Amino acid sequence: MSRSTAMSPNLGMGSSLKHKFESSMYSGRLEISALSLRTIPKEIDDFDITDVMTIDVSRNKFTEIPEEVLRCADAEELNCYHNMIRTICELNCMRFLCKLNLCRNQLTAIPSHLCSLPLEELYLANNKIHTLPAEIGNLKSLIDFDLSCNMLSSIPVEFGQLTSLKDLNVRHNFITHIPSELTETSLVRLDLSYNRIAIIPPSYRFLKDLKHLDISNNPLVCPPAQYAERGRVHIFKLLEILVWQQEQKELLEYEKTFRRKKEEERAKLNYANPRSTTNSNNFINELLVSWDAQATASMLEDPFFKKELEKDKTYREKYGIKDDYMKRSLQVAQGRSINTINRTSGKAIAKQLAATPDVHTKDPLEDIPRSKSSPSVEKKEKKSKRGKRAVSFSEQKAEVIPPVPSTSPPQSSDEEEPATLEHSFTMNREEGKIAQTAYQQEFVKNMVAKYLNISIKDAEESLKDGVILCQLLNEMKKNAVRKIMMPQGEEKLSTMKSTVNLNSFLRFVQINIGKDNCCSISDIQQGELSAIHDTLKRLGEKFPYQSDA
C-alpha cells in the first residue's frame with residue numbers, strides 16, 4: 001500500500017497510522033503530524049486513547065480541532081500548529097490542558113470558553129485575530145502568551161488581571177496604544193516591536209521584574225527613538241525625568257498662583273514694601289543638559305501623555321509609592337553648595353592657624369574630665385607649658401585618647417551572664433526545631449492513618465516512592481491518580497517508577513492548590529519534611545476527610 005493510500009481517510013486506516021494509535025496507548029503521546037489529514041479515520045474507535053497526555057496533530061489540513069481529540073480528557077498538551085483551523089470548538093472537557101499551540105492557522109477571533117481552561121502557555125501567532133474577548137483576564141495561571149503576527153489594534157485592559165504572566169509577545173500587529181494596567185503583571189519579557197505605538201506610559205517604569213523590553217520599529221515620540229535604542233534602563237530613567245518635570249511644572253504654576261494671591265492681599269492692605277521676586281531653581285537645567293526643551297514641551301502638552309500621567313499618579317497613590325526625585329535633586333544641589341563652603345572655610349582656618357604660631361588655640365578636648373593616669377593629657381599639658389605652637393585643627397581631630405582604666409574590682413557574676421544567656425538561647429532554638437520536626441512527623445502519620453488506615457514508622461522514608469502519596473490522593477478524590485506503580489513483594493520500587501508516582505502526585509497537587517504551594521520532587525526524595533507537611537496540610541484543607549458513616 002502506498003503512502004498516499006495509507007493517509008486517505010476514504011480508503012481506511014494505513015499501517016503506519018494504525019501503529020501510531022497503538023503506540024499512543026502505551027507511551028501516552030499521540031503523534032499524527034505531517035500526514036496531510038483532513039479527518040481522522042473512524043477506526044480510531046478501536047483504540048483506547050483516554051490516557052494520552054500529549055497530542056500532536058500539527059502540519060495537517062484540519063479545518064477544526066478533531067472531535068476524536070476530545071476523548072483525551074486528561075491531556076495536558078495539544079499542538080495544532082500549521083493547519084487550516086478557522087473556529088475552536090469547546091474544550092471544557094479537557095480540564096487539565098496546560099499548553100495549547102494554534103500558530104499558523106486561520107483564526108479571526110478567540111472564543112470566550114477558551115478562557116476557562118487552566119492554560120499556562122498559549123500560542124496564537126500567525127493568524128488573523130482582530131480582537132480578544134474580555135474574559136481573557138480569567139487566565140490567571142497563564143505564563144507565556146504569544147500573539148505575534150496578527151491584526152490586533154489594541155491590547156485589552158483585562159491583561160492587567162493576568163498576574164502570573166511572564167512573557168508577552170505582540171510584535172508585528174497594528175497596536176497604537178498600550179494600557180498602563182500591564183504594570184500590575186509580573187512581566188519579565190515584553191516584545192512590542194513592529195507596531196504603531198507612539199507613547200510608552202510613564203507607569204511602565206514600575207515593571208521591576210522586566211529584563212527584556214523591545215520597542216523597536218515604532219513611530220515613537222516618548223521616549224524618542226534614540227533613547228529607545230539604548231535599552232530598558234535608559235527608557236525608564238527618561239520616563240522618570242518626564243514625570244518629575246511635569247510635577248515641577250505644576251509646582252511652579254501653583255507657586256505663581258499663590259504669590260499672585262499674596263500680592264493681591266498686600267495691595268488691598270496698602271503695604272508700603274515693594275513686591276519682591278525670587279528666581280526659580282537652576283538645577284533643572286543641570287539635570288536636563290542633553291534634553292531638547294522644545295521636544296519636552298510638545299510631549300508634556302500631548303493629551304494622551306497627560307492622561308497617562310494622571311493614571312501614573314493614581315497608581316502611586318493606590319500602592320503608596322513616593323517619587324522624591326525633585327526632593328533628592330534639591331538635596332543634592334544644596335548639599336553640594338554647603339560642602340563647597342565647608343571645604344573652603346576649613347582650608348581658610350587651617351591657613352590662619354599656621355600663620356599665627358604664637359597664638360594659643362584652646363584644645364576642645366581640655367573640657368573633658370580625665371583620670372590622672374591618662375598619659376595623653378600629661379603630655380599635652382607639658383607641650384602647652386613649654387610655649388610651643390598651638391596644635392592645628394586637623395591634628396586635634398586625628399588625636400586618639402586611650403581608654404581610662406577602671407579602678408573598681410571586676411564582678412565575676414556580671415561577666416558570666418551574657419555567655420549563659422547566649423547558651424540558653426541556642427538550646428531553646430534547637431529544642432524548638434526538634435519539637436517542630438516531631439510535630440510534622442506526627443501530623444503526616446495521623447493523616448496517613450486517618451485516610452488509609454495504615455501506620456508508618458518513618459514519614460520521610462515511607463513517602464519517597466510516592467505510593468502512599470498517590471493512594472492519599474485517590475482517597476481524597478476518586479480516580480485522582482489513574483495508575484500507581486506498586487512494588488512487587490518486599491522489593492523497593494526502582495527510581496524510574498518512583499519518579500512516575502511522584503510526577504502523578506505533583507501534577508494533581510499543582511492543578512488544585514497551585515505551583516507556589518506545592519513541594520518539589522527533590523523535597524520528597526531528600527526527606528524535606530517541612531515542605532511535605534505544608535503540601536499535605538493544604539491538600540487536607542482542600543479535600544477534607546469524609547468518613548464512610
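Small disclaimer: the values here were computed from a predicted structure and weren't measured.
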Which atom pairs, one a donor and one an acceptor, fall under 3.5 Å between side chains of residues 152-169 and the rest of the protein, sequence neighbours left out?
residue, atom, partner, partner atom, Å
Ser164, OG, Lys140, O, 2.9
Asn169, OD1, Arg171, N, 3.2

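- Between the side chain of Asn79 and the backbone N or O of Tyr81, at least one donor-acceptor pair lies under 3.5 Å.
- Taking the side chain to side chain donor-acceptor pair (under 3.5 Å) definition, one finds that Glu528 meets it with nothing, sequence neighbours left out.
- Qualifying salt bridge (Lys or Arg N to Asp or Glu O under 4.0 Å) partners for Arg29, counting only residues two or more places apart in sequence or in other chains: Glu31.
- Residues Pro111 and Pro133 have side chains not in contact (no heavy-atom distance under 4.5 Å, counting atoms from C-beta outward).
- What you find for Leu182 and Thr185 is that their closest heavy atoms are O-OG1, 2.6 Å.
- Inter-residue side-chain proximity for Arg205 and Val243 is flagged as met; some heavy-atom pair is nearer than 4.5 Å.
- Asp74 is not listed as a side-chain neighbour of Thr50, based on a closest heavy-atom distance of 4.5 Å or more.
- Dense packing is recorded around CZ of Phe236, with more than 12 heavy atoms of other residues, nucleotides or ligands lying under 6.0 Å away.
- Between the side chain of Asp209 and the main chain of Ser186, no donor-acceptor pair closer than 3.5 Å is present.
- A donor-acceptor distance shorter than 3.5 angstrom exists from the side chain of Asn195 to the backbone of Ile175, with no hydrogens or angles considered.
- Put simply, the side chain of Ile200 reaches to within 4.5 Å of the side chain of Pro223, judged on heavy atoms.
- Nearest heavy atom pair, residue Asn173 against residue Leu147, reads ND2-O, 3.1 Å.
- Atom CZ of Arg189 has more than 12 neighbouring heavy atoms from other residues, nucleotides or ligands inside a 6.0 Å radius.
- Between Ile215 and Asp191 there is no side-chain heavy-atom pair separated by less than 4.5 Å.
- Partners of Arg71 under the side chain to side chain donor-acceptor pair (under 3.5 Å) rule, at least two apart in sequence or in another chain, are Asp45.
- Each ring pair (Phe, Tyr, Trp, His ring centres under 6.0 Å) pair with one or both residues in residues 519-540, not counting sequence neighbours, appears once here: Tyr439-His533, Phe443-His533.
- The minimum heavy-atom distance between Thr183 and Leu207, with the atom names listed, is CA-CD2, 3.6 Å.
- Listed for the Asn474 side chain is a donor-acceptor partner under 3.5 Å among the backbone atoms of Val481.
- Arg232 CZ to Lys237 NZ: the interatomic distance, rounded to the nearest 0.5 Å, is 11.0 Å.
- Residues Ile524 and Leu469 form a side-chain contact, since some pair of their non-hydrogen atoms from C-beta on lies under 4.5 Å apart.
- With sequence neighbours excluded, the residues forming a ring-ring contact (aromatic ring centres under 6.0 Å, His included) with Tyr451 are Tyr545, listed by chain and number.
- With sequence neighbours left out, the ring-ring contact (aromatic ring centres under 6.0 Å, His included) criterion links Phe508 to Phe543.
- Side-chain contact between Ile178 and Tyr204: present, with at least one pair of heavy atoms (C-beta onward) separated by less than 4.5 Å.
- Judged by distance alone, with hydrogens and angles left aside, the side-chain atoms of Asn105 form a donor-acceptor pair with the main-chain N or O of Cys103 at under 3.5 Å.
- Across all their heavy atoms, Ser193 and Asn218 have their closest contact at CA-ND2, 3.8 Å.
- A search for salt bridge (Lys or Arg N to Asp or Glu O under 4.0 Å) contacts involving Glu460 returns nothing, not counting sequence neighbours.
- The environment of CD in Glu253 is crowded: more than 12 heavy-atom neighbours from other residues, nucleotides or ligands sit within 6.0 Å.
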Side-chain atoms of residues 116-126: list all donor-acceptor pairs with protein atoms under 3.5 Å, sequence neighbours left out, distances to 0.1 Å.
residue, atom, partner, partner atom, Å
Ser116, OG, Asn92, OD1, 3.2
Ser116, OG, His113, O, 2.7
Glu120, OE1, Lys515, NZ, 3.4
Glu121, OE1, Tyr123, OH, 2.7
Tyr123, OH, Asp144, OD2, 3.2

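- Other residues, nucleotides and ligands place no more than 12 heavy atoms under 6.0 Å from the CG atom of Asp516.
- Using a distance-only test at 3.5 Å, with no hydrogens or angles considered, no donor-acceptor pair links the side chain of Asp523 to the main chain of Cys519.
- The minimum heavy-atom distance between Thr499 and Gln525, with the atom names listed, is OG1-NE2, 4.1 Å.
- Partners of Ser58 under the side chain to side chain donor-acceptor pair (under 3.5 Å) rule, at least two apart in sequence or in another chain, are Asp56.
- Residues Ile513 and Thr535 meet the side-chain proximity criterion, which asks for heavy atoms closer than 4.5 Å.
- Here the straight-line distance linking atom OG of Ser530 with atom CD of Gln436 works out to 7.5 Å at 0.5 Å rounding.
- No donor-acceptor pair closer than 3.5 Å links the side chain of Asn503 to the backbone N or O of Asn501.
- In terms of the side chain to side chain donor-acceptor pair (under 3.5 Å) criterion, Asn512 has no residue partners (sequence neighbours excluded).
- Not counting sequence neighbours, Glu135 has no partner by the salt bridge (Lys or Arg N to Asp or Glu O under 4.0 Å) test.
- Under a 3.5 Å cut-off, the side chain of Asp534 and the backbone N or O of Leu536 do not form any donor-acceptor pair.
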